[in-house]
Amino acid sequence: MDAKTKRRHLKDFEEAARQIELAGVCIDVLETMHGVAPQRCVKALKAEQQKQLLRLDKAAEKLGAPYGA
């Protein structure tokens, strides 16, 4: 794997990690609110976190992390 490809995978990994962290902060704030709308938002953000976690795992695997072993 060339350096350009590694950088792309590292960028994907970092971006996914950042998105997971930002969603977590939003979830923490929304969980302090009452009502249906904040609950819907929390549910959507948790789904997005899972999506980003898959993206992070794929990038980590391409970078050589021992996933799937």
Side-chain angles (χ1 to χ4, degrees):
M1 177 182 325
D2 63 347
K4 186 177 181 180
T5 304
K6 283 183 181 179
R7 279 192 300 273
R8 190 182 78 227
H9 293 313
L10 183 58
K11 184 180 176 192
D12 283 346
F13 181 89
E14 290 173 341
E15 180 63 21
R18 182 174 176 272
Q19 294 297 316
I20 291 168
E21 186 174 346
L22 288 172
V25 171
C26 293
I27 289 167
D28 289 344
V29 170
L30 289 168
E31 284 180 337
T32 64
M33 298 175 69
H34 300 288
V36 176
Q39 290 175 0
R40 276 191 238 132
C41 292
V42 167
K43 185 177 178 180
L45 285 166
K46 286 182 178 183
E48 182 62 24
Q49 278 185 316
Q50 289 300 312
K51 186 172 119 180
Q52 293 299 323
L53 183 59
L54 290 174
R55 180 179 171 202
L56 184 134
D57 284 346
K58 287 179 185 177
E61 188 174 8
K62 289 177 183 176
L63 289 169
Y67 284 93

Salt bridge (charged side-chain N to carboxylate O under 4.0 Å, His left out): which pairs involve residues 43-55, sequence neighbours left out? D12-R55, E31-K46, E48-K51

Residues that, via side-chain heavy atoms closer than 4.5 angstrom, fall in one hydrophobic cluster with L45: I27, L30, M33, V42

Considering all heavy atoms of both residues, which atom of D28 and which atom of T32 are nearest to each other, and what is their separation? O-CG2, 3.5 Å

Shared-cluster residues of V29, by chain and number - hydrophobic side chains joined below 4.5 Å: none

Shortest non-hydrogen pair, F13 vs A60, comes out as CE1-CB, 3.8 Å

Could you pull out all residues at least two apart from R40 that satisfy side-chain contact (heavy atoms from CB on, under 4.5 Å)? V36

Taking distance alone, no hydrogens or angles, what donor-acceptor pairs closer than 3.5 Å link side-chain atoms of residues 14-24 to residues at least two apart or in another chain?
residue	atom	partner	partner atom	Å
E15	OE2	Q19	NE2	2.8

Under the side-chain contact (heavy atoms from CB on, under 4.5 Å) rule, collect the residues that match up with L54, sequence neighbours excluded. none

Measure the spacing between CE of M1 and CZ of R8 and express it to the nearest 0.5 Å. 9.0 Å

